[in-house]
Each structure stands twice: as structure tokens, then as C-alpha cells.
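Down below is the structure, laid out as C-alpha cells.
These numbers come from the heavy atoms of this one structure, side chains and all, not from hydrogens, waters or symmetry mates. Order of the sequence lines fixes the chain letters, A, B, ..., with proteins taken first and strands second; residue numbering starts at 1 for each chain. This is a predicted model, so every value here is computed, not measured.
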Amino acid sequence: MRPAAAPGIPPPPMIRDLVRDLFEKALARGAAAGRWPAASIPVTVEPPRDPRHGDFAVNAALVLSKAAGKPPRELAASIVEELRAVDADGAVASVEIAGPGFINLRLAADVWFRGLAEVERQGAAFGRTGAGKGKRVNVEFVSANPTGPMHVGHGRNAVTGDVVARLLDWSGHAVTREYYVNDFGAQVQTLARSVHLRYQELHGRQVVFPPKGYPGEYVVDIARAVKAADGDRWLDAPESSWLAPFRDRAVEHVLGMIREDLEAIGVGRYDVWSSEKALYQSGAVERFLAELTAKDLVYVGKLPPPRSKKGAPPPPAHVAAIADEEGMTAADDLTLFRSSQYGDEVDRPVKKADGTPTYFCADIAYHWQKRQRADKLVDVLGADHGGYVPRLKAALQALGHQRDDLHVVLIQMVNLTRGGEAVKMGKRSGNVVWLREVVDEVGRDAARYLFLTRRADAQLDFDLDLAKQQTLDNPVFYVQYGHARIASILRRAAEAGIAAPRYDLEAVRRLALPEEQDLLRRVLSFPELLAGAALAFEPHRVAYFLQETIAAFHSYYTGGKRTGERVIGPDPVTTAGRLYLCKALQQVLANGLAVLGVAAPERMESAPVDEE
RNA sequence: GCGCCCUUAGCUCAGUUGGAUAGAGCGUCGGACUACGAAUCCGAAGGCCAGAGGUUCAAAUCCUCUAGGGCGCGCCA
């Protein structure tokens, strides 16, 4: 087995590409001969739902029909003629025109059988493609404020972002994984003040803890560390003297916790830790503001009164009252970014009334700077940041980039349950469920896998009891069991003195059962699946693929018990072919699980519960 | 009030970016082990794809509207 595809050498084309190439040639040939106009609408090549319709269904005649001025079925017949002409190798075994004008084709059996050689040749790298063409992609994920440990929602973000990054890597992108640390601004100052309160407490003082402070036990730990290092020197010092050092110390401590949390959920590597504070200190934000001014993208003006949270806009007096509470007035002149010209609802302030830059300002400066380092940006954000996306895209566009240079993966809420009962959560009530508690309880594999069993933008019910169950109700268990089961068959074969499975064309040609044909097609579609999941930024597709694939194997295997078609059978050549299929399947499962960051065990640990 | 996301079998959800007769797990009912892991599998029942229009050869998928649920909508970050 080879560790990875050598850089620069493109992996062999996927079988679907082979078909696509044939059609491109055929369509070009026909167009040159004047039989139909050159194709403008993309032609799709898809495996049909019903395998009886063949290996691939192509809609070329349907999409070309109007331009060619011929009925689809008639056109399809012409296309098939051209197809035959370009298929010098005889890759296409049979073609038929079906339904409204689909061209259904079946490839020569050997095309599939020969494709199986790739699994052995590429081993742990099988599934890698060059679909991304080396494009530089920056994936920013988690980026939780350094004000406390990660909670469950951050965990879903972390796993999704991590697997998106892995998928992009597997599909031939140059990936940078990045964490943006919001170590500047009000929230980390609030943390610093909370630490100072605990610090006073530790010196025996009575303190009143404000409702907006951070209540966690770790705040006391930080205060204790400060006390141990500095004694009482900050006790009566003015806030201006201790705020920054307390903040920096607190941020450093909390980032340490976050790194441990990430490690626990299996996110071991970030390439870049970006600091908001550094962005300010390096002068990048100021330079960026100057750039905006130079490009006439900002102006000084008034913001329309904010809308009320519910119902119709409130009377102006009420707005003014709210504004006063926060120490500002709606009448102040602000520096506004012309985001409404680029698809945002309103212009957004980049400078507060006191002249300091807003968070938004620093953030677009950050994205602008990131865009210099990468061709494509991916932000994995909590769904509560959904409203923030249009202005980020607007900013990129205003700065001369494409809106689509930024793709945002929105992570919807996680509802924790235990045996179906909701686990109460909420920052206000103080009973947040930390990610670490969940990982400690159910294990990393189950946590990761279950986070990936839904589309990112759909809410996820995460049942703690289910995650721990060693039954097929638990998808991670089901998939891991399948891998172990195959490993067991291969072990059994080795014990019986059968040579380790190697690719052999004669042997794999024995894979003639419908179930075997289905399984080998699944194996060979794996690279394509990963590429598709990567380009769509949808990790859940991998989880579903693994479940469906292993289910197909279980069915094949158990069915074999009834029919007598066993993997290890009387005929050595058939046995060799089937063992190779098992090995290929095992490799695909292992690689798929590797992409998800989930272990692929050779055997399951615990014994069955129901002893007789 | 406005924006984004969601609505598919009794429940939880997929649906390959617009393809042929809409799938899976759970649950229900009925079955399958004297040999490769029954931690598995097979079968049955279960659907107006929230509703109404539109776009086209073709719509669960795209557009508009309506109804429900969620998340947002600050000179916070």
C-alpha cells in the first residue's frame, strides 16, 4: 500500500469520466459533421436508480433536442452512431434508447474488473482525486470566542469543518485550516473582569458577580494562577492597569482548554491561528480602513433606526431610550461601509461613534487578508451568524473579489437528548453542556460520526444513550462492525492457508452475482463520491455512503449463507476474486472512516450482550 | 415587520445539484443460523414529497405566493 498519491501525478480517471469523455468526443464529432449544434447545456452522466437500466444514463439527446430540432429519441439514435464510432476500445458493451430519450449504456464487464486494480494500487490513497486542481482553499472553523471551553454546538462545527478540510484535501485542493481568535474587544474584557472578581474573592473579599460575567469554574482557576504568580499587586490597582494582562492571561488559558477540547474530538491540527488583537496591533485594520476610504467604499452618515426585535418598528422615543442605555445615540454620525450597494440590506458601520473600528471592520479586513492567501474561503459558522453572511460577501465583492469566493457552511443547532428526553441547556441558566462531557461519555468516534449524520444546515438531535449503544441503532457502531466483520473474514481465510488477496483479473472476473456487481460499482464510485462531497462541502454524504455500502455487504454476506455462495468456497479462483472484493471493500470503508476521522477497528471490543 | 434555514412513511432523516416506479434506519407484523462475526439479514404494511401556482421533454429538487417550526435582525463579538 502506498501512503498517498504522489503530488503532480494525477490519479487515473474515474470510470464515469471515461464515459463522459466518450460522449464529449461523440457529440463533438456529430457537431463537426453538422448533425446537431455544439452542446451548450451540460450533459449529465449518471448511474440510473434502477440497475436494469444499465451502468449509466445519459441525457444528451434530451438537452440537445430543441437546438437540433429533432425529437429526442431520433436524435439519441444519431448520437449512438457517433458514440460507436469513437469507442475504439469497445468500452461500451451495449446501448439502448429508453424512456423519453435517455441513452442507457452498459460498459464491458472488463472495464469494471480492471478498475478494481486501482484499489490495491492506491491502497490508503484510494479515493483521492485531482478534482480540486490544486486550488488553494482556506477553511476557517470553530473560531469560538476564547471565553470558555467548547460546548456541543462548537463540537459539531469542529467536526464538520475538520471533515470538510479533509475532503478538500482528498479531492486535490491545497487546504489551510484556520482558527480566528477573537482575543480583542468586549467579550474577552468581560472575561478579564470576571477573573478579576474571582481574584478579589480569593483574597477574601466579598464581591457581587454581575449577571453578564462568566460563571465557570475555569475562571476561578485563572484567578488562582494570577494570584500565585502576582500575589495581591492587582487587588486595588485601577482597571486600566490590570485589564490587558488579565485578558491576555485568561485568553491564553482558555485557548489551552479549547486546544484540549479540539484534541479530544479529534481535531489535532490547525495550520494558522489568526489573532484579532494582532490584526489591530499590526496596523492592518487601520491600513484597511485607509484602503476603504481610498476606494470610496465608506462615508460618514447616520444609520437608520434599528428595528425592534419583535413586531413593527417601535416609536422613535423608545429607540432613543435603548440607545442611551448603551451609551450612544441614534443621531451620531458614523463611518459606514456601502454594503447595501453589494446586496446587503443596509450600510454597516465600520467605526463606532467613539471612532474605534467595529468588529465587522476587523472581520472584513481579516477576510480580505485571507483572500490574498487563498483562492477560495470557507467559513464554518453557527447558524446564529446567518445574517452576517450577506455583508461578508458584500465586502468581498466591494473589494474586487467574487461573492462566491466565500462559501459559508452554516451549522444548525444541536439538541442533546438522553433516551429521547431533552437535556436542558442554555447559557442563561448556566447549565451549558460542554463538548468534553459529551466526548468523555460517548467516545470520540461516536461523537464525530453522529455530528455527521445530518446535513449541516438541518438541526441535529444528538441522543447520548443512542451514541453509547452497541447495537445497529447506532450508525457508527454498524459501520465499524462491518469493517471488523470483513477483517474477520480475511483473517479466517489466512488461517485456512489461503494466500492473501491480490488483484488478479481472472479471479475478479468471477464476481458475477448481482450483489457482487453492485458492490464493486460502489467501491469504484468512492473517489467520485468524495469529490462530490468536497465540492458541495457536505461531509454527511460520506457517512451515508458508508452506511449504504456496508449494508449492501451485510446483505450479500447473509444472503450467501442461504444460497451457499460463500466468500470462502470450494473454487480457489472464485474464492480469490471474492476475497479481493472484500479487501477492496475494507479499504474503501477504512478510507472513508479515515476521512471522517473515525477509527476502523479490525475487531470489535465487547462481546455480544445476549449470551445463551 | 424583514432576512436566512427547515417542512419527504407513525418517528428520525437521505435523495448524487433537474432525470425514469421517491429511498434508508427505527417502530409494527412475519420470517432466516449444525461452516466465513445473527453485533447480521430477508419479506410485508406504511407517501397528495406542507399547500397553491409557474418554468420544461422532465420538478421532492429551480421561481413566486401561502401556512407551520427554527435561527437571526445593535455603534456585541
Exercise. Does the side chain of Asn145(A) reach to within under 4.5 Å of the side chain of Val188(A), using non-hydrogen atoms?
Worked result: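 The answer is no; the side chains never approach within 4.5 Å.
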Out of curiosity, [X] [atom1] to [Y] [atom2], how far, rounded to the nearest 0.5 Å?
X	Y	atom1	atom2	answer
Asn474(A)	Lys468(A)	CG	NZ	11.5 Å
Met14(A)	Glu528(A)	CE	CD	6.0 Å
Thr44(A)	Phe56(A)	OG1	CZ	11.5 Å
Asp363(A)	Arg348(A)	CG	CZ	13.0 Å
Leu585(A)	Thr549(A)	CG	OG1	7.5 Å
Ile568(A)	Thr574(A)	CD1	OG1	13.0 Å

Mind checking the [atom1] distance from [N] to [M]? Whole angstroms is fine.
N	M	atom1	answer
rU8(B)	rC49(B)	C1'	4 Å
rA22(B)	rG51(B)	P	16 Å
rG25(B)	rC42(B)	P	8 Å
rG72(B)	rG30(B)	P	47 Å
rC4(B)	rG46(B)	P	39 Å
rA59(B)	rG53(B)	P	14 Å
rU61(B)	rG18(B)	P	11 Å
rC57(B)	rG43(B)	P	39 Å

Could you tell me how far apart [X] ([atom1]) and [N] ([atom2]) are, to the nearest whole angstrom?
X	N	atom1	atom2	result
Leu460(A)	rC11(B)	CG	P	19 Å
Asn474(A)	rA39(B)	CG	C1'	11 Å
His540(A)	rU17(B)	NE2	C1'	12 Å
Gln412(A)	rC13(B)	CD	P	12 Å
Asn415(A)	rC5(B)	CG	C1'	14 Å
Arg541(A)	rA24(B)	CZ	C1'	17 Å
Asp463(A)	rU12(B)	CG	P	13 Å
Tyr180(A)	rA77(B)	OH	C1'	9 Å

Exercise. Relative to the 5' end of RNA chain B, which residue comes earlier, Pro357(A) or Glu565(A), by the nucleotide with the nearest heavy atom?
Worked result: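 Nearer the 5' end of the strand: Glu565(A).
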For this session: Between Arg16(A) and Asn145(A), name the one whose nearest nucleotide on RNA chain B is closer to the 5' end.
Result: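 Result of the comparison: Arg16(A).
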Exercise. Is His385(A) stacked on the base of rG72(B) when the test is centres under 5.5 angstrom and planes under 30 degrees?
Worked result: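 His385(A) vs rG72(B): stacking no.
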Exercise. So, do Tyr478(A) and His554(A) have ring centers that fall under 6.0 Å from each other?
Worked result: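 Yes.
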Determine: side-chain N/O of [X] to OP1/OP2 of [N], distance under 4.0 Å, yes or no.
X	N	value
Tyr478(A)	rC41(B)	yes
Arg492(A)	rG37(B)	yes
Arg455(A)	rG15(B)	yes

Base, sugar-phosphate or nothing for [X]? Non-hydrogen atoms, less than 4.0 Å.
X	value
Arg52(A)	base
Ala496(A)	nothing
Ala493(A)	nothing
Phe102(A)	base
Glu276(A)	sugar-phosphate
Arg603(A)	base
Phe184(A)	sugar-phosphate
Asn104(A)	base
Ala362(A)	nothing
Ala484(A)	base
Gln187(A)	base
Arg454(A)	sugar-phosphate
Lys66(A)	sugar-phosphate
Pro349(A)	sugar-phosphate

For this session: Say whether Glu538(A) and Tyr544(A), considering side chains only, have a donor N or O and an acceptor N or O under 3.5 Å apart.
Result: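 Not at all, the side chains of Glu538(A) and Tyr544(A) share no donor-acceptor pair under 3.5 Å.
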Exercise. Is rU17(B) in the syn or the anti form, by the rule that syn lies within 90° of 0?
Worked result: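 It is syn.
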Nearest to the side chain of [X], which nucleotide is it out of [options]?
X	options	value
Met413(A)	rG37(B), rU21(B), rG70(B)	rG70(B)
Tyr481(A)	rG37(B), rG19(B), rC13(B)	rG37(B)
Ser488(A)	rG37(B), rG19(B), rU21(B)	rG37(B)
Ala353(A)	rC6(B), rC75(B), rA14(B)	rC75(B)
Thr358(A)	rC75(B), rA14(B), rG37(B)	rC75(B)

For this session: Using the test side-chain hydrogen bond (donor to acceptor under 3.5 Å, both in side chains), find all partners of Tyr179(A) that sit at least two apart in sequence or belong to another chain.
Result: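 side-chain hydrogen bond (donor to acceptor under 3.5 Å, both in side chains) check on Tyr179(A) returns nothing, list empty.
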Exercise. Among Val588(A), Ile15(A), Leu519(A), whose side-chain contact (heavy atoms from CB on, under 4.5 Å) with Leu524(A) holds?
Worked result: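 Between Leu524(A) and the candidates, side-chain contact (heavy atoms from CB on, under 4.5 Å) is satisfied uniquely by Ile15(A).
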Exercise. Where does RNA chain B pair, written as one dot-bracket string 5' to 3', with Watson-Crick or G-U pairs under 3.5 Å, ( ) inside the strand, [ ] for crossing pairs and | for another strand?
Worked result: (((((((..((((.....[...)))).(((((.......))))).....(((((..]....))))))))))))....
Exercise. Can you tell me if CZ on Arg418(A) sees more than 12 non-hydrogen neighbours from other groups inside 6.0 Å?
Worked result: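 It does: Arg418(A) CZ has more than 12 such atoms within range.
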Exercise. Is a donor-acceptor pair below 3.5 Å formed from side chain Asp384(A) to base rA77(B), judging by atom type as modelled?
Worked result: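 Under the 3.5 Å cut-off, the side chain and the base do not form any donor-acceptor pair.
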Exercise. Contacts to RNA chain B from residues 549-562 of chain A, heavy-atom cutoff under 4.0 Å, which residues?
Worked result: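 His554(A), Ser555(A), Tyr557(A), Thr558(A), Lys561(A), Arg562(A) - these, ordered by number, are the residues of the stretch whose heavy atoms sit under 4.0 Å from the strand.
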